Colleague: 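The structure is given below, and queries will be raised subsequently.
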Amino acid sequence: MTENYFNYFTEIEEHFQRARGTGLFLLSPLDWALIEAWKNSGMPLEAVLRGIDAAFVKWRSRPAQARIHMVNSLAYCTQAIAAEAQAMANATPAASKPQTTAPFAYDDIRQFVARNAAVLENAGHTDLAASLIALDLDSLFGDLEQLEQRLTSIEDKMIARLRADASEDALFEARRALDQNLKPYRGKMTADQLAMLEKQFLDRRLLETSGLPRLSLFYL
């Protein structure tokens with residue numbers, strides 16, 4: 001399978017919907033945070049897709065009375081995905097990462113960066129806006145991995161600032177929402193997976209409540 005780096009989120013969303021057999025099913029905030037945690041940890045897209053298939057094969061092999069409740073979250077598939085990733089790592093020697101090709105045009109990237117810079121400027125984050133404007137997009141368009149790294153670095157600064165400014169009540173409510181969503185699946189995850197998922201979930205919640213944009217090309 002040829003991995004389209006920048007379609008990571010869409011590929012997983014659509015594959016889960018097909019495996020579930022319900023194309024109109026919407027992923028939850030927990031699911032999006034989980035996908036982002038996989039992306040940030042370098043989880044191969046193919047491992048995620050194979051793991052989803054394996055999890056649903058196992059679920060459908062159960063007796064009918066054990067399938068009363070439908071699979072409603074990607075969290076159900078975490079163990080199968082981890083197993084597929086380990087199997088791929090054991091079977092395939094490390095290979096150099098191929099040059100990624102953007103599924104969007106240069107003008108799309110330029111407008112995306114300019115739009116986000118304007119939002120940050122209006123929100124008072126003038127230094128972060130200036131960092132976006134200063135990016136040499138003409139050069140970086142030829143090296144999308146470096147551009148993504150630059151954007152992610154600016155986004156990390158933005159999120160760190162939001163965390164520092166967040167009230168204890170806001171963080172408590174976000175963690176409580178995470179616990180409620182994660183409760184049925186907590187036993188399927190390792191401590192490291194849970195810690196990574198909590199970080200992504202809280203980051204997404206802070207960005208949503210602040211109205212600030214995601215800067216990564218994954219959100220173009």
Side-chain angles (χ1 to χ4, degrees), residues 5-17 19-20 22 24-45 47-49 51-52 55-56 69-85 116 119-120 123 125 128 148-149 151-220:
Y5 184 71
F6 293 104
N7 282 346
Y8 195 90
F9 288 83
T10 303
E11 291 278 352
I12 293 173
E13 177 188 29
E14 293 178 351
H15 196 84
F16 181 77
Q17 290 171 339
R20 194 175 183 274
T22 50
L24 296 179
F25 181 78
L26 299 178
L27 297 186
S28 70
L30 173 66
D31 293 323
W32 291 117
L34 190 54
I35 296 174
E36 187 155 10
W38 288 331
K39 184 262 291 181
N40 289 346
S41 68
M43 177 71 72
L45 175 60
V48 179
L49 303 186
I52 290 172
F56 273 94
H69 300 291
M70 187 60 176
V71 177
N72 290 321
S73 174
L74 276 166
Y76 176 83
C77 307
T78 51
Q79 288 182 340
I81 290 169
E84 290 295 334
N116 288 339
V119 173
L120 290 175
H125 300 284
L128 299 180
E148 176 66 16
Q149 290 170 353
L151 292 171
T152 300
S153 177
I154 298 171
E155 183 174 285
D156 287 345
K157 292 179 183 178
M158 178 176 65
I159 292 173
R161 189 172 298 176
L162 292 176
R163 277 180 171 268
D165 293 342
S167 67
E168 288 297 324
D169 286 344
L171 293 175
F172 171 77
E173 288 300 326
R175 289 193 174 94
R176 185 168 68 172
L178 172 63
D179 287 340
Q180 291 173 345
N181 282 274
L182 193 57
K183 187 176 181 180
Y185 312 103
R186 187 174 290 275
K188 296 180 177 294
M189 299 184 186
T190 66
D192 287 344
Q193 289 172 332
L194 289 170
M196 188 181 304
L197 179 57
E198 178 179 350
K199 178 183 182 304
Q200 296 302 329
F201 186 92
L202 294 179
D203 288 352
R204 292 180 71 91
R205 178 61 67 91
L206 289 172
L207 286 167
E208 288 170 0
T209 55
S210 69
L212 294 179
R214 301 306 301 256
L215 307 183
S216 167
L217 293 176
F218 285 92
Y219 297 90
L220 196 157

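Just so it is clear, the model here is predicted, and its values are computed rather than measured. Just the heavy atoms: all of them, side chains too, but no hydrogens, waters or symmetry mates, feed the values below.
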Colleague: Are F9 and E36 close enough that some pair of their side-chain heavy atoms sits under 4.5 Å apart?
Modeller: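 SC-SC contact between F9 and E36 confirmed.
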Colleague: Would you check if F16 and F56 make a side-chain contact, meaning some heavy-atom pair closer than 4.5 Å?
Modeller: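 With C-beta onward as the side chain, the pair touches.
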Colleague: Check the pair I35 / L27 against side chain to side chain contact (heavy atoms under 4.5 Å, CB included), numbers first and verdict last.
Modeller: CA-CA 10 Å; I35 296 174; L27 297 186; 3.8 Å; yes
Colleague: Say whether, by atom type as modelled, one donor and one acceptor occur between the side chain of R20 and the main chain of V71 under 3.5 angstrom.
Modeller: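 Answer holds: yes.
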Colleague: Can I get a per-line list of side-chain donor-acceptor pairs under 3.5 Å for residues 192-199, giving both atom names and the distance, sequence neighbours left out?
Modeller:
unit_1	atom_1	unit_2	atom_2	d
Q193	OE1	T190	N	2.8
E198	OE2	R175	NE	2.9
K199	NZ	D203	OD2	2.9

Colleague: Distance under 6.0 Å and angle within 45° of the ring axis: does K39 meet both against F218?
Modeller: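 Yes, a cation-pi geometry.
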Colleague: May I ask you to test the L128-R161 pair for a side-chain heavy-atom distance under 4.5 Å?
Modeller: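 Sidechains of R161 and L128: in contact.
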Colleague: Quick one: list whatever passes salt bridge (charged side-chain N to carboxylate O under 4.0 Å, His left out) with D156, sequence neighbours left out.
Modeller: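 Salt bridge (charged side-chain N to carboxylate O under 4.0 Å, His left out) check on D156 returns nothing, list empty.
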Colleague: I'd like to know if the side chain of S210 reaches the main chain of L207, judged simply by a donor and an acceptor atom lying under 3.5 Å from each other, with no hydrogens or angles considered.
Modeller: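 Side chain of S210 to backbone of L207: a pair is present.
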Colleague: Check whether any side-chain N or O of D31 sits under 3.5 Å from a backbone N or O of S28 as a donor-acceptor pair, and report yes or no.
Modeller: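 Yes.
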Colleague: Atom CD1 of I154 and atom OG of S216: how far apart are they, to the nearest 0.5 Å?
Modeller: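 If we round to the nearest 0.5 Å, I154:CD1 and S216:OG are 11.5 Å apart.
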Colleague: Hey, what do you get for CE (M158) to OG (S153), rounding to the nearest 0.5 Å?
Modeller: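 Spacing of CE (M158) from OG (S153) equals 11.5 Å.
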Colleague: Which heavy atom of G51 sits nearest to which heavy atom of A80, and what is that distance?
Modeller: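 Result for this residue pair: O-CB, 3.4 Å.
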Colleague: Using the rule given for side chain to side chain contact (heavy atoms under 4.5 Å, CB included), can you reason through R204 versus R214, listing the C-alpha separation, both sets of side-chain angles and the distance that settles it, and then say yes or no?
Modeller: CA-CA 9 Å; R204 292 180 71 91; R214 301 306 301 256; 3.6 Å; yes
Colleague: State, yes or no, whether a side-chain contact exists between R163 and L206 at a heavy-atom distance under 4.5 Å.
Modeller: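 Touching, per the 4.5 Å side-chain cut-off.
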Colleague: If I compare all heavy atoms of M43 with all of Y8, which pair ends up nearest, and what's the gap?
Modeller: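 In this case the closest contact between M43 and Y8 is O-OH, 2.8 Å.
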Colleague: How long is the straight-line distance from CG of N7 back to CD of E14, given to the nearest 0.5 Å?
Modeller: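 Here the interatomic distance stands at 8.5 Å.
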Colleague: Would you find a donor on one side and an acceptor on the other, under 3.5 Å apart, between the side chain of E155 and the backbone of L215?
Modeller: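 Such a contact is found between E155 side chain and L215 backbone.
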Colleague: Under 4.5 Å between any side-chain heavy atoms of H15 and E11, yes or no?
Modeller: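 The answer is no; the side chains never approach within 4.5 Å.
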Colleague: Could I get the full list of salt bridge (charged side-chain N to carboxylate O under 4.0 Å, His left out) partners for R205, not counting sequence neighbours?
Modeller: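 R205 satisfies salt bridge (charged side-chain N to carboxylate O under 4.0 Å, His left out) with no other residue.
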Colleague: If you round to the nearest 0.5 Å, how far is OG of S167 from CD of E173?
Modeller: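 Here the interatomic distance stands at 9.0 Å.
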Colleague: Any side-chain heavy atom of F201 within less than 4.5 Å of one from P29?
Modeller: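 The answer is yes, as the side chains (C-beta and beyond) meet within the 4.5 Å cut-off.
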Colleague: Between S73 and Y76, is there a donor-acceptor pair closer than 3.5 Å when you use the side chain of the first and the backbone of the second?
Modeller: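 No.
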Colleague: Quick one: does L74's side chain get under 4.5 Å of V48's, heavy atoms only?
Modeller: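 No, side chains not in contact.
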Colleague: Taking all non-hydrogen atoms of both residues, which atom of I52 and which atom of A19 are closest, and how far apart?
Modeller: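 Distance-wise, the nearest heavy atoms are CG2-CB, 3.8 Å.
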Colleague: Measure across W38 and I12 and return the closest heavy-atom pair with its distance rounded to 0.1 Å.
Modeller: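 Smallest heavy-atom distance, with atoms named: CE3-CD1, 4.4 Å.
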Colleague: If you look at every heavy atom in A174 and L202, which pair is closest and at what distance?
Modeller: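 Heavy-atom minimum between the residues: CB-CD2, 3.3 Å.
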